[in-house]
Amino acid sequence: MDRLFAALADSNRRAMVDRLSHGPASVSDLARPLDIALPSAVKHLAVLEAGGLVLSDKAGRVRTYRIAPDAFGGLEAWVAERKAMWHRQFEALDALLEAQDKP
């Protein structure tokens, strides 16, 4: 989970993930709209890959990246657990406040 959050902490990497949500892309395709050098793009993509968000394939000299299957499954589960916990907390607070309001 830490690697996933670290991978998403950078705006360039989030932009790459957004782009990849539309389909696979090469390093140059991902770097071009961000106006960053290819070596920087490769470093960002390595962080995304280490975070489990993207996968890469190499055909000749071209490396293509794509979103990993279930890339956000762990994140969705983590958020759902916290959401359920807060929901329970708010329900308990509501019950407590209602009990205090009764004479």
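Quick note: residue numbers are just sequence positions, from 1.
F90 contributes atom CZ, which lies 11.5 Å from atom CG of L97 (distance to the nearest 0.5 angstrom). Once rounded to the nearest 0.5 Å, the distance linking CZ of R19 with CD1 of I67 reads 10.0 Å. Atom CD of residue E98 and atom CG of residue L93 lie 10.0 Å apart, to the nearest 0.5 angstrom. For the atom pair L75 CG and L8 CG, the distance stands at 7.0 Å (nearest 0.5 Å).
Under the 4.5 Å side-chain heavy-atom criterion for grouping Ile, Leu, Val, Met, Phe, Trp and Tyr, V17 is connected to I36 within one hydrophobic cluster. Residue M1 is not grouped with residue V47 when hydrophobic side chains (ILVMFWY) are merged at heavy-atom distances under 4.5 angstrom, including chains of intermediate members.
Nearest heavy-atom pair, S56 versus E49, reported as atom, atom and distance to 0.1 Å: OG-OE2, 3.1 Å. The heavy-atom pair separating A68 from G52 by the smallest distance is CB-O, 3.4 Å. Smallest separation of non-hydrogen atoms from P69 and R66: CD-NH1, 4.4 Å.
Annotation: W78 is not in aromatic contact with F72 [ring centroid separation under 6.0 Å not met].
At a threshold of 4.5 Å between non-hydrogen side-chain atoms, the residues L45 and R13 do not count as touching. Inter-residue side-chain proximity for H87 and E91 is flagged as met; some heavy-atom pair is nearer than 4.5 Å. When side chains are defined from C-beta on, L38 counts as touching S28, because their heavy atoms get closer than 4.5 Å.
Using modelled atom types, no side-chain atom of R63 and backbone atom of S26 make a donor-acceptor pair closer than 3.5 Å.
The residue from L34, N12, V27 that alone fulfils the side-chain contact (heavy atoms from CB on, under 4.5 Å) condition with H44 is N12. With Y65 as the partner, the side-chain contact (heavy atoms from CB on, under 4.5 Å) test is satisfied by one option alone out of D29, L20, L53, L48: L20.
For the residue pair S21 and D18, no side-chain donor N or O sits within less than 3.5 Å of a side-chain acceptor on the partner.
When the shell of 6.0 Å around CG of D2 is examined, it contains 12 or fewer heavy atoms from other residues, nucleotides or ligands. Within 6.0 Å of the CZ atom in R3, the count of heavy atoms belonging to other residues, nucleotides or ligands does not exceed 12.
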